[in-house]
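None of these values were measured; they are calculated from a predicted model. When a ligand or atom number is given, it counts from 1 through the structure's own listing order.
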Amino acid sequence: MRTRDAWRRELLLLAAAAVLLFAVGLLSGRPLLFLLIGSIVLLARHLYRLWRVTRWLEQPKHHPAPGASGVWQPLIREIRTLRARGRKRKRKLSRMLAGFQESTGALPDATVVLDDQGRVEWWNRAARGLLGLERKRSRGRRIDTVIGDPVFRDYLASTDYDRPLKIPSPMDPSVSLEVRIVPYGKGKRLLQARDITRLQQLETVRRDFVANVSHEIRTPLTVIRGYLETMEQAGDADLARWEPAIGQMLQQSRRMQQIVEDLLLLSRVESGDEAAVQEEVDVPAMLQRLVTAARELSGGRHRIEPVLDGRLRLHGNAAELESAFSNLVFNAIRYTPDGGNIRLRWWLGEEGGPCFEVRDDGIGIDPEHLPRLTERFYRVDVGRSRSSGGTGLGLAIVKHVVSRHQGNLRIESEPGRGSTFTCCFPGQRMC
Ligand code: ADP
């Protein structure tokens, strides 16, 4: 029955009952009393219905739906429809959730949902093998008690998750994990961990291969170069017509030797781990020596001005730092036309750590090249780089050396105006 019909019927019945009661009341001489009794009975009936409906709403499993008549009929029908719709939506959501859990469960990467306190809320199957989360027992555990690595604790607390973190698996230290954290919702975080053991092994194989090849080439190259130098210096009449060829061979063998040396150095510093030797490096003295070497290389064609804080020393690897700093200084000379200015600066940076900066007013670099400049063998102008004795590996070495000292390299440049290369190190490295 439609709502409007139900109400019409109810009102008709009410009116009929009132008229009837009033008539019977008139006959017995007490019409108002009869009307009052009728009203109380009606109220009691509706209250009883309301009680039954409330009981059914609260505990639908224990109490049957009340039989409906009159105005209660459309109301109960509506409640039933709403309930059925709610149940259907819940079933659909459960199915979706189960599907989502099944798909993330099948992922080979560990996925863990963390609450706003960093406690484990949910995890997939891979997280059991990679992180050691157990079926039920791990729910509510803080993730930094599951992954106890201090580097991970710092990473979790830092809230700077732009870069992923590499750590050993808490289940097996020979397994390397790349961990990434993605914040979402209100303080929640999603942790993903990927097994990169194989990738790292391949990277090691590649690095070792480059290092081995370079090492193997080094000796024959030294021999060839030695003979070529002897031939060049001999001034033998028989060799006179070969002189240009010998000169070129000598030049190319020197270039190859430089590449081999740079490749060997790069494969050493590419590992990312800290260098074995860590000492107090007298950077101002090192830079003074570098200025002398730079002036020699420049041959008076540039004005080289050092501004050095003589007291500032750095805890690190002297040999590596010297290669990095000299690469920057020699680049400035090679890419600055005659008469240009080069300034070397070593000072305590605004962020509390020591910084080294090389500024030149040379040819500068187009902005499109800046992001790729520190890649191996990346050159803006291959011809210019080669003719000035470049290997294309210098800035790759600089980047790795700086990051091995937990520093960062900033490059600013404008074509035709010059470039500034700045390496800043953390305050803890100061001594
Ligand atoms: P290269 O041995 O070719 O100099 P680097 O890795 O040291 O290799 O530098 C990469 C490229 O960056 C260079 O080929 C050059 O084009 C550019 N570059 C480096 N330093 C400077 C600079 N101070 N001014 C202009 N360009 C530079």
Side-chain angles (χ1 to χ4, degrees), residues 207 210 214 217 221 251-270 272 287 290-291 293-299 301-307 319-346 355-405 407-424:
R207 229 180 10 247
V210 174
S214 311
I217 292 176
L221 208 54
Q251 191 194 352
Q252 293 303 324
S253 64
R254 281 194 192 116
R255 218 169 76 74
M256 270 170 78
Q257 207 162 20
Q258 191 54 53
I259 293 177
V260 166
E261 294 303 331
D262 277 359
L263 276 175
L264 277 170
L265 176 60
L266 189 59
S267 64
R268 242 196 340 267
V269 296
E270 253 181 344
L287 291 177
L290 204 56
V291 169
R295 287 193 173 129
E296 234 168 74
L297 182 71
S298 154
R301 290 175 292 123
H302 306 93
R303 211 166 75 87
I304 300 172
E305 180 201 355
V307 183
E320 288 183 9
L321 289 168
E322 187 155 359
S323 340
F325 293 172
S326 55
N327 265 312
L328 292 178
V329 178
F330 296 158
N331 273 354
I333 295 171
R334 286 166 43 223
Y335 299 106
T336 303
D338 294 357
N341 295 290
I342 295 162
R343 193 181 71 166
L344 272 64
R345 209 173 145 213
W346 172 247
C355 297
F356 174 61
E357 183 179 276
V358 182
R359 180 188 293 250
D360 64 55
D361 54 5
I363 60 170
I365 306 157
D366 236 31
E368 67 181 82
H369 298 291
L370 292 181
R372 302 195 55 194
L373 225 51
T374 54
E375 284 175 21
R376 293 177 218 112
F377 295 112
Y378 188 85
R379 290 130 151 166
V380 176
D381 178 345
V382 180
R384 189 177 181 128
S385 159
R386 284 207 183 124
S387 64
S388 61
T391 59
L393 296 168
L395 290 181
I397 293 174
V398 175
K399 187 184 113 181
H400 286 293
V401 169
V402 172
S403 79
R404 263 154 82 89
H405 289 78
N408 62 63
L409 170 69
R410 203 172 59 237
I411 308 174
E412 286 158 306
S413 191
E414 216 182 301
R417 307 208 71 168
S419 319
T420 307
F421 291 78
T422 316
C423 322
C424 282

### Query
Can you tell which of Arg404, Arg376, Lys399 makes a side chain to side chain donor-acceptor pair (under 3.5 Å) with Glu270?
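Exactly one pass, corresponding to Arg376.
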If you measure every N/O of [X] against every N/O of ligand 1, is any gap under 3.5 Å?
X: Gly390; value: no
X: Ile363; value: no
X: Val380; value: yes
X: Ile365; value: no

Could you establish whether [X] and ligand 1 come within less than 4.0 Å of each other, counting only heavy atoms on the residue side?
X: Gly362; answer: no
X: Arg384; answer: no
X: Asn327; answer: no

### Task
Would you mind finding which of Tyr335, Phe330, Phe377, Tyr378 brings a heavy atom closest to atom 22 (C) of ligand 1?
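Comparing heavy atoms across Tyr335, Phe330, Phe377, Tyr378, the nearest one to atom 22 (C) of ligand 1 lies in Tyr335.
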Which atom of [X] lies closest to which atom of [Y], heavy atoms considered:
X: Val329; Y: Ala294; result: CG1-CB, 3.7 Å
X: Pro306; Y: Arg295; result: CD-NH2, 3.8 Å
X: Leu263; Y: Ser214; result: CB-OG, 3.6 Å

### Message
Tell me the contacting part of Thr336 for ligand 1: side chain, backbone, both, or neither, using a 4.0 Å heavy-atom threshold, strictly below.
### Response
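It is neither; nothing of Thr336 touches ligand 1.
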### Query
Does atom CZ of Arg417 have more than 12 heavy-atom neighbours from other groups under 6.0 Å away?
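Atom CZ in Arg417 is not packed in, count stays at 12 or less.
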### Query
Taking everything shown except Arg303 itself, do over 12 heavy atoms lie less than 6.0 Å from its CZ?
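Incorrect, the count does not exceed 12.
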Can you tell me which residue and heavy atom of the protein come closest to [atom], and the distance to 0.1 Å?
atom: atom 23 (N) of ligand 1; answer: Asp360 OD2, 2.9 Å
atom: atom 19 (C) of ligand 1; answer: Asn331 ND2, 3.5 Å
atom: atom 8 (O) of ligand 1; answer: Gly392 CA, 3.2 Å
atom: atom 3 (O) of ligand 1; answer: Ser385 OG, 2.5 Å
atom: atom 6 (O) of ligand 1; answer: Leu395 N, 2.8 Å

Output the list of atoms in ligand 1 that are nearer than 4.0 Å to some heavy atom of [X], sorted by atom number.
X: Gly394; result: 5 (P), 6 (O), 7 (O)
X: Thr391; result: 2 (O)
X: Arg379; result: 3 (O), 14 (O)
X: Arg334; result: 1 (P), 2 (O), 4 (O)
X: Leu373; result: 12 (O)

### Task
Take Arg343 and Glu357, measure what salt bridge (charged side-chain N to carboxylate O under 4.0 Å, His left out) needs, and give me the verdict at the end.
CA-CA 8 Å; Arg343 193 181 71 166; Glu357 183 179 276; 3.6 Å; yes
Side-chain touch [X]/[Y], heavy atoms, less than 4.5 angstrom:
X: Asn327; Y: Leu395; value: no
X: Val401; Y: Cys423; value: no
X: Glu305; Y: Asn341; value: no
X: Leu393; Y: Phe377; value: yes

### Task
Output all residues satisfying salt bridge (Lys or Arg N to Asp or Glu O under 4.0 Å) with Glu414, sequence neighbours left out; order by chain, then residue number.
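For Glu414, no residue satisfies salt bridge (Lys or Arg N to Asp or Glu O under 4.0 Å) once neighbours in sequence are set aside.
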